[in-house]
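See structure below.
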Protein chains: 2
Amino acid sequence: MRLTTKGRYAVTAMLDLALYGDRGPISLADVSGRQDISLSYLEQLFAKLRRKDLVCSIRGPGGGYRLSRPVETIFVAEIIDAVDERVDATGCAGKSDCQDGQTCLTHNLWSDLSDQIHHFLSDISLASLVERRDVQNVSARQLQRARNTQSIILTAVD
Amino acid sequence: MRLTTKGRYAVTAMLDLALYGDRGPISLADVSGRQDISLSYLEQLFAKLRRKDLVCSIRGPGGGYRLSRPVETIFVAEIIDAVDERVDATGCAGKSDCQDGQTCLTHNLWSDLSDQIHHFLSDISLASLVERRDVQNVSARQLQRARNTQSIILTAVD
DNA sequence: TTTATACCCGACGCTTTTAGTAGGATTTAA
DNA sequence: TTAAATCCTACTAAAAGCGTCGGGTATAAA
């Protein structure tokens, strides 16, 4: 089992779309800027998210990505699944053949743990994240920072 | 966050001691044979378990390892901790500085998940594992296999 | 029709971790 | 003295993580 930046980035980026995507598609460049994630890396993650039909893309200027379903129906667990992070603590991918064809001593312990984690993540929708106070606070801070950066750029142009 | 064979091996080996260690120390060679774990690798894991005072060692022939506390007071979470598997889903080790010094958009989500996992694993003692039906079944199967192997060896000697 | 914006795609590369192996040194019971 | 066991360090092959780089291609706007 692993849960690294890959899964975290994917969820963060999807949440970014949920927060800002109500007025048309969001470019990965914008997500990259707001969330501090490398653009190339985001492209790779979104290729997977698109293959799993979690987002759809609009090419060309003004294009970007949109969530392909309402925020209430997209859950953290499927986002992590989509980018290939297995939320599975067993050594046998749940196949119960950990010790030459049979279950190992602790198979059911890891299997229970996997269920626990999966349950937890399957219950959290993008909609519920958007409503969280802490998410709103961080989002406000990021928007503020974006405005500052913008004004610095504008000043530099003058 | 990761949970790989390292943590699984450690828990399995500790459970092996809990199951068979009531009549004196258990050698790692025995654990290796029963649980299909490389002996050298076990040695490395037990070095860490010993440093964290989860087991104590007896050197020389007839020696091996014993649990250093009663099975009721040893929990899965501390075994995994001892071998350096971090059961922490955040990207900042819980320090809330994921996005240049401040929390990232999803910090609290991962923090909640980490708590969830830690809670789950902190509640499971070696004693409770020993009592589980599935553990007892696998244990019985392993003992049977050990006896078969033994008789094959004895036959070969004849 | 050109140009700039954005998605799309594959290859590569550095680093860290995993899951060991190898080889020996030390302790100690028989 | 011998053999069984723990101890200890170093090494390694393979995988995965986390990107970078360089080029495509579609398309809206100038």
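Lettering of chains follows the sequences in order, A, B, ..., and the numbering in each one begins at 1. The basis for the numbers below is simple: all heavy atoms, side chains too, and nothing from hydrogens, waters or symmetry mates.
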Considering just the side-chain nitrogens and oxygens of [X], establish if one lies under 4.0 Å of OP1 or OP2 belonging to [N].
X       : N      : answer
B/Ser57 : D/dA5  : no
A/Thr5  : D/dC18 : yes
A/Ser38 : D/dC18 : no
B/Ser40 : C/dG20 : no

* Give the angle between the helix axes at the two ends of the helix from C/dT1-D/dA30 to C/dA30-D/dT1, taking five base pairs at each end and rounding to 10°. => 0°
Is the closest side-chain donor-acceptor distance between [X] and [Y] under 3.5 Å?
X       : Y        : result
A/Thr90 : A/Ser111 : no
B/Gln99 : A/Gln142 : yes
A/Tyr20 : A/Ser139 : yes
B/Asp88 : B/Ser114 : yes

* Following the transitive rule for hydrophobic clusters with a side-chain heavy-atom cut-off under 4.5 Å over Ile, Leu, Val, Met, Phe, Trp and Tyr, establish whether A/Phe46 and A/Tyr41 coincide in one cluster. => yes
* Structure fact -> Rounded to the nearest 0.5 angstrom, the CG-SG distance for B/Leu49 and B/Cys56 is 12.0 Å
* To do: Record whether the side chain of A/Glu43 comes under 3.5 Å of the base of C/dC7 through a donor-acceptor pair of N or O atoms.
  => no
* **Donor/acceptor link under 3.5 angstrom from A/Gln44 side chain onto base of D/dT20** => yes
* **Minimum side-chain heavy-atom gap A/Leu19-A/Met14 below 4.5 Å** => no
* **Any A/Arg132 side-chain heavy atom under 4.5 Å of B/Asn108 side chain** => yes
* Scan residues 58-69 of chain B against DNA chain C and write down, sorted by residue number, each residue with any heavy atom closer than 4.0 Å; if none is found, say none. => B/Arg59, B/Gly60, B/Pro61
* **Residues touching DNA chain C, which here means a heavy atom under 4.0 Å, drawn from residues 7-35 of chain B** => B/Tyr9
* Asked: Can A/Arg50 be said to sit on top of A/Tyr65's aromatic six-ring, NZ or CZ under 6.0 Å from centre and within 45° of the ring axis?
  -> no
* Does any N or O in the side chain of A/Thr5 come within less than 3.5 Å of the main-chain N or O of A/Arg8, such that one atom is a donor and the other an acceptor? -> no
